[in-house]
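Working notes for the structure below.
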Protein chains: 2
Amino acid sequence: MTRALTRKGEATRARIVAGAAAEIRERGVDEVRLEDVMARTGTSKGQLFHYFPEGKDELLLAVAEHEADQVLIDQEPMLSNLTSWPAWLAWRDRLVERYLAQGMQCPLNGLLGQAGRRAPGAQAVVTGLMGRWQKAITEGIRHMQSTGDIAPEVDADRAAAALLAGIQGGVLLLLSTGRIDHLEAALDLTIDSLRAGARAV
Amino acid sequence: MTRALTRKGEATRARIVAGAAAEIRERGVDEVRLEDVMARTGTSKGQLFHYFPEGKDELLLAVAEHEADQVLIDQEPMLSNLTSWPAWLAWRDRLVERYLAQGMQCPLNGLLGQAGRRAPGAQAVVTGLMGRWQKAITEGIRHMQSTGDIAPEVDADRAAAALLAGIQGGVLLLLSTGRIDHLEAALDLTIDSLRAGARAV
DNA sequence: GCAAAAATGGACCTGCAAGTCCAAAGCTTG
DNA sequence: CAAGCTTTGGACTTGCAGGTCCATTTTTGC
């Protein structure tokens, strides 16, 4: 029951999503009007409602999915190859670098409070993102346990949950205070404690 | 140049702020209309603009301040007395209990994305809250260092930053996934690593 | 090359929620 | 007790942003 889309149509749709995402990152969800998206992407109102018949909510959901994917893609290939301490550090550096560059623009922030309540699906998008993110970290920890770099008693899931929380909180604090300290501290101290786990046994 | 307010006036103003805060907690910032606040607090439009001449933004800012204060008050007296390991655990339990009870209602969430951009002052409110919060944690760590329960080499500020990040991220994940795991894991693992620091020396 | 379907443009409608205004009631104070 | 405030109520205005509609152009497939 998916509606037919020509190649040109798909391109336009993608352009709209990307443009809306950028606009939202720069100015915040609630400041962005459909007109802004139209202006930025060179489209008309007819097109918006052609590709997103349910209107703004549907567009927002598409943006949410787009941004959620992007978050993980931006961490590759590091995130999927946490197989040595240098690799972990490279990943850490990538995260810091990425969020520092992004500054106070936030792809997720909007999704949470705003879209989270609006579209019931947006909640699911965020949950899914966090699940995938945590799974990747867990796998990294398990791999390090298999090579003896992390103590076997460490509960990989729990440690990954804590690390993910530290990252999210670090980003949140970057967003609200403009400082990167918290993200760095959370990453460094949590990773250090994983490392210490190896010696502790 | 503060405008005169009789006792009755102050009571009304406070009632409006408290009612608006509750409404926002329950239904989200962007779902709350002035009419909702009026209905809940039994006030008229005239009153709203009498006490908040700048309109909705000014009210939102007042709510932000109110909620920010509440967040810290809810952690007392534990937060200001992190002077022994049992005290730390009591604080940890209070946090978990409080946020578990609060579920997916979020006092801060709205402040960040939404009001954060709207009112320039809301940003400052959040920054101030985080600063006070982190300061309290730092003082707790310093105290534990003074009694030898935490190793002196631990960078108290950095550790507090990491812990605060873990808490914020834990709450964020509770908000988006509905699960308390992350908050618990972040608190437990971070506090444990502070504890381990004493032995490590 | 021609019908059918998809893509595009933009004028128009509509509802709603913030904000305005003023008139009436209630304190409170000399 | 009266004058001057603060407080209150609610009708009215206004602007705007989301959404509707349809006419036109372009693409697709046979």
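Residue numbers start from 1 in every chain, and the chains themselves are labelled A, B, ... in the order their sequence lines are given, proteins ahead of strands. Just so you know, these numbers use all the heavy atoms, side chains as well, and skip hydrogens, waters and symmetry mates.
Distances shorter than 4.0 Å separate some side-chain N or O of Lys56(B) from OP1 or OP2 on dA18(C). Checking the phosphate oxygens (OP1, OP2) of dT8(C), a side-chain nitrogen or oxygen of Thr12(A) falls inside 4.0 Å. Within the 4.0 Å cut-off from OP1 or OP2 of dT8(D), at least one side-chain nitrogen or oxygen of Tyr51(B) is found.
Contact between Lys45(B) and Met38(B) at its shortest, heavy atoms only, is N-CE, 3.6 Å.
Separating the CZ atom of Phe49(B) from the P atom of dT7(D) is a distance of 17 Å, rounded to the nearest angstrom. In this structure, CG of Leu5(B) is placed 16 Å from P of dC5(D), rounded to the nearest angstrom. Rounded to whole angstrom, the span from the CZ atom of Phe52(B) across to the C1' atom of dA18(C) amounts to 16 Å. Rounded to whole Å, atom C1' of dC16(D) lies 12 Å from atom CG of Asp36(A). We find that CZ of Arg15(A) is positioned 12 Å from P of dA7(C), with the value rounded to whole Å. The separation between His50(A) atom NE2 and dT26(D) atom C1' is 12 Å, rounded to whole Å. The separation between Arg33(A) atom CZ and dG15(D) atom P is 16 Å, rounded to whole Å. Straight-line distance from the CZ atom of Arg7(B) to the C1' atom of dG26(C): 16 Å, rounded to whole Å.
Applying the side-chain hydrogen bond (donor to acceptor under 3.5 Å, both in side chains) test to residues at least two apart or on different chains, the pairs with a partner in residues 80-89 of chain B are Glu76(B)-Ser80(B).
Between Arg195(B) and Asp188(B) there is no salt bridge, since no side-chain nitrogen of the basic residue lies less than 4.0 Å from a carboxylate oxygen of the acidic one.
Under the rule for a side chain to side chain contact (heavy atoms under 4.5 Å, CB included), the partners of Ala21(A) that lie at least two apart in sequence or sit in another chain are Arg25(A), Val63(A), His66(A), Glu67(A). Here Leu174(B) pairs with Tyr99(B), Ile180(B) under the side chain to side chain contact (heavy atoms under 4.5 Å, CB included) rule; sequence neighbours left out. In this view, Arg40(A) and Glu23(A), Glu26(A) satisfy the side-chain hydrogen bond (donor to acceptor under 3.5 Å, both in side chains) rule, not counting sequence neighbours. Contacts of Glu35(A) classified as side-chain hydrogen bond (donor to acceptor under 3.5 Å, both in side chains), with partners at least two apart in sequence or in another chain: none.
Place Glu35(A) and Glu10(B) on DNA chain D by their nearest nucleotides, and Glu10(B) ends up nearer the 5' end. Between Thr6(B) and Glu54(B), it is Glu54(B) whose nearest contact on DNA chain C lies nearer the 5' terminus.
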Just the atom pairs and distances: protein N or O near nucleotides 9-11 of chain C's N or O, under 3.5 Å.
unit_1	atom_1	unit_2	atom_2	d
dG9(C)	OP2	Gln47(A)	OE1	2.7
dG9(C)	N7	Ser44(A)	OG	3.1
dG10(C)	O6	Gly46(A)	N	3.2

